Amino acid sequence: MNKEKLTAWGFVMIFFILCIIPSAGMLFYHSELAENRTLSEKPVFWTEEGKWNRNFFDELQTYVSEHFAFRGELVEADSLIKYQLLRTPSDDQVVIGKKGWLYFGQTLADYAGVTLSDEEIDNIANTLAEVTQYVEHMGKQPLFVIVPNKNSIYPEYMPARFGDKAERRNLTLLQQCMTDQEIPFVDAYQLLLAHKDTEALYLHEDTHWNYTGARLVLNEIYAAFGLSEQYSLTGYTMEENHEPDLYKILFPSKEHFEAQHIYKDNKPYDYVGRLHSLDDITIRTTSPAQNGESILVYRDSFGRAMIPFMGGSFSQAVFNRSTPYDLSLIEKTECNYVLFEIVERNLQDLGQIVVPK
């Protein structure tokens with residue numbers, strides 16, 4: 001066998017080995033890739049009824065594609081090459097911005113401009129007017145706050161290919177309608193814009209605001225409710241203890257933490273019942289606060305940063321993140337105030353609220 005044939009056979013063998021390693025490696029190697037979904041289980045030949053599983057080979061193909069050896073490492077390598085060299089995300093849920101900033105892909109429509117018609121905006125405002133009347137009829141004080149998307153406050157770190165941030169947007173149009181109909185709300189958009197150059201308000205590698213951004217808006221919420229409680233925006237320490245969600249999408253197996261603003265002035269409070277995480281559908285807190293005030297908060301994931309502060313500021317607080325909103329909780333919950341918090345990208349969900357008759 002001449003040298004050229006030997007070289008050719010060598011390449012064939014190397015290619016064959018590289019192809020067989022991921023499958024054969026499943027016998028001794030388990031991929032540790034963490035994902036925000038449940039992976040398929042190993043298929044079985046026979047069903048629980050004792051019949052042949054007709055989907056066995058389809059299930060086997062899915063199982064192998066999700067569990068082959070070194071999958072996690074290969075996914076991580078692919079993401080790292082795209083991130084470091086090409087500045088391209090491996091998942092279209094993430095937009096890689098400038099200077100290490102990451103943005104959520106689902107906010108691009110809001111960034112580009114208005115996506116709802118005038119009629120849709122009017123319908124949402126009319127719904128919120130009905131909600132306001134309903135809450136007030138229950139003898140409680142309502143308030144709405146729409147939390148801006150991160151690229152609405154920090155557009156300067158967005159990639160140039162997306163152009164400039166649109167100034168005419170669903171959020172501003174809806175808030176104008178809310179003003180016209182005298183619907184109570186906190187303008188978090190203008191508030192955060194006014195303070196962005198003084199304090200960092202959003203996390204760089206996460207979808208959400210940091211604790212300073214949350215406290216800034218909470219101060220306005222309390223003022224709108226007529227409460228005297230106010231939080232300082234200084235005196236925090238920086239601790240790398242936050243696992244950023246956008247970075248986690250790109251590198252699900254990599255342990256990585258972002259610095260978060262940590263305040264030490266939290267007032268004591270306790271959770272009522274068992275708490276699994278701050279993403280629980282319903283969270284109840286109680287505290288020794290002497291003000292006797294209580295609140296019901298309809299919230300989304302941005303509300304996580306509010307709970308550690310509100311928990312100690314109210315004698316009782318209930319945080320609910322079910323969608324669509326269950327307004328029957330207002331009648332069932334003993335509270336003085338009802339807060340509706342929602343992020344800009346989901347504000348159309350406000351139009352899905354059903355007001356009890």
Side-chain angles (χ1 to χ4, degrees), residues 33-37 75-76 79-80 82-84 87-111 145-159 162 165 171 188-189 191-193 195-218 233 236-263 266 277-280 283 299-310 319 321 341-347:
L33 179 63
E35 298 194 41
N36 292 323
R37 64 188 178 100
V75 170
E76 293 283 341
S79 294
L80 188 61
K82 289 179 177 178
Y83 181 76
Q84 296 288 358
R87 308 304 295 168
T88 301
S90 57
D91 191 306
D92 59 11
Q93 293 185 83
V94 181
V95 174
I96 299 176
K98 305 171 185 176
K99 298 184 178 180
W101 283 68
L102 302 178
Y103 295 93
F104 193 31
Q106 291 184 19
T107 64
L108 292 178
D110 291 314
Y111 186 82
V145 57
I146 302 172
V147 181
N149 301 328
K150 185 166 71 172
N151 51 17
S152 295
I153 304 300
Y154 293 98
E156 60 267 35
Y157 300 110
M158 282 285 288
F162 292 109
K165 178 188 73 174
L171 185 154
Y189 177 56
L191 178 65
L192 292 166
L193 280 178
H195 288 80
K196 60 175 285 188
D197 294 329
T198 305
E199 293 285 348
L201 303 174
Y202 282 68
L203 295 157
H204 288 198
E205 300 170 328
D206 195 279
T207 314
H208 304 90
W209 54 12
N210 57 27
Y211 285 134
T212 298
R215 284 164 71 105
L216 174 64
V217 174
L218 276 174
L233 302 182
Y236 57 81
T237 59
M238 299 296 292
E239 297 182 16
E240 291 190 358
N241 61 0
H242 180 81
E243 193 170 33
D245 58 1
L246 295 177
Y247 189 93
K248 193 69 175 177
I249 292 175
L250 295 179
F251 306 103
S253 294
K254 190 173 181 180
E255 187 178 77
H256 175 78
F257 297 95
E258 182 175 354
Q260 169 68 285
H261 295 187
I262 301 299
Y263 291 85
N266 291 15
S277 76
L278 292 181
D279 288 321
D280 287 359
I283 295 175
R299 58 98 184 185
D300 54 22
S301 59
F302 275 77
R304 287 196 303 253
M306 300 164 63
I307 293 174
F309 309 116
M310 299 184 76
F319 304 88
R321 64 168 299 172
E341 173 273 314
I342 192 169
V343 68
E344 176 185 356
R345 68 175 183 271
N346 293 330
L347 64 79

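In this text the structure is predicted, and so the values were computed from the model without any measurement.
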| Criterion side chain to side chain contact (heavy atoms under 4.5 Å, CB included) on Lys248 and Glu243, from CA distance to verdict | CA-CA 8 Å; Lys248 193 69 175 177; Glu243 193 170 33; 3.3 Å; yes
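- From His208, atom NE2 reaches atom CG of Asn149 across 10.5 Å, with rounding to the nearest 0.5 Å.
- No donor-acceptor pair under 3.5 Å is formed between the side chain of Glu344 and the backbone N or O of Ile146.
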| task | Before giving the answer on side chain to side chain contact (heavy atoms under 4.5 Å, CB included), spell out for Arg215 and Tyr236 the whole-Å C-alpha distance, their side-chain angles and the decisive distance to 0.1 Å. | result | CA-CA 12 Å; Arg215 284 164 71 105; Tyr236 57 81; over 6 Å; no
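- Within the 4.5 Å cutoff, side-chain heavy atoms of Tyr247 are placed close to those of Leu102.
- For Tyr211 and Phe309, the ring centers sit closer than 6.0 Å to each other.
- Annotation for Val343 and Asp300: closest pair N-OD2, 2.7 Å, computed over non-hydrogen atoms.
- Pairing each heavy atom of Gly303 with each of Arg299, the nearest pair is CA-CD, 4.0 Å.
- Side chain of Tyr157 to main chain of His204: no donor-acceptor pair is present (N/O by atom type, distance under 3.5 Å, no hydrogens or angles).
- In this structure, Arg345 is not positioned above the aromatic face of Phe104 in the sense of NZ or CZ being under 6.0 Å from the six-membered ring centre and within 45° of the axis.
- Expressed to the nearest 0.5 Å, how far CD of Gln93 lies from CD1 of Ile249 amounts to 4.5 Å.
- Side chain of Lys196 to backbone of Ile153: a donor-acceptor contact under 3.5 angstrom is found.
- Asn210 contributes a side-chain N or O that, together with a main-chain N or O of Ala200, makes up a donor-acceptor pair within less than 3.5 Å.
- You'll find the side chain of Lys150 stays beyond 4.5 Å of the side chain of Thr107, heavy atoms only.
- The shortest non-hydrogen separation linking Phe302 to Thr207 is CZ-O, 3.6 Å.
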| task | Show your reasoning for whether side chain to side chain contact (heavy atoms under 4.5 Å, CB included) applies to Asp280 and Phe319. | result | CA-CA 9 Å; Asp280 287 359; Phe319 304 88; over 6 Å; no
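- To the nearest 0.5 Å, atoms CD (Glu341) and CG (Leu218) are separated by 9.5 Å.
- Going from atom NZ of Lys99 over to atom CD of Glu156 covers 9.0 Å, rounded to the nearest 0.5 Å.
- For the atom pair Trp101 CH2 and Ile96 CD1, the distance stands at 15.5 Å (nearest 0.5 Å).
- In terms of modelled atom types and a separation under 3.5 Å, the side chain of Asn151 and the main chain of Tyr103 share no donor-acceptor contact.
- Checked by atom type, the side-chain pair Glu205/His256 shows a donor-acceptor distance below 3.5 Å.
- Put simply, the side chain of Asp206 gets close to the backbone of Asp245: a donor and an acceptor are under 3.5 Å apart.
- Checked options Val217, Leu203, Leu201; the residue passing with Trp209 is Val217 (criterion: side chain to side chain contact (heavy atoms under 4.5 Å, CB included)).
- Nearest heavy-atom pair, Phe257 versus Glu240, reported as atom, atom and distance to 0.1 Å: CB-O, 3.5 Å.
- The two residues Leu216 and Leu192 have their closest heavy-atom pair at CD2-CD2, 3.8 Å.
- Considering CD1 of Ile307 and CG of Asn266, their distance stands at 12.5 Å, rounded to 0.5 Å.
- Between Ser152 and Lys165, the shortest heavy-atom distance links the atoms O-NZ, 2.9 Å.
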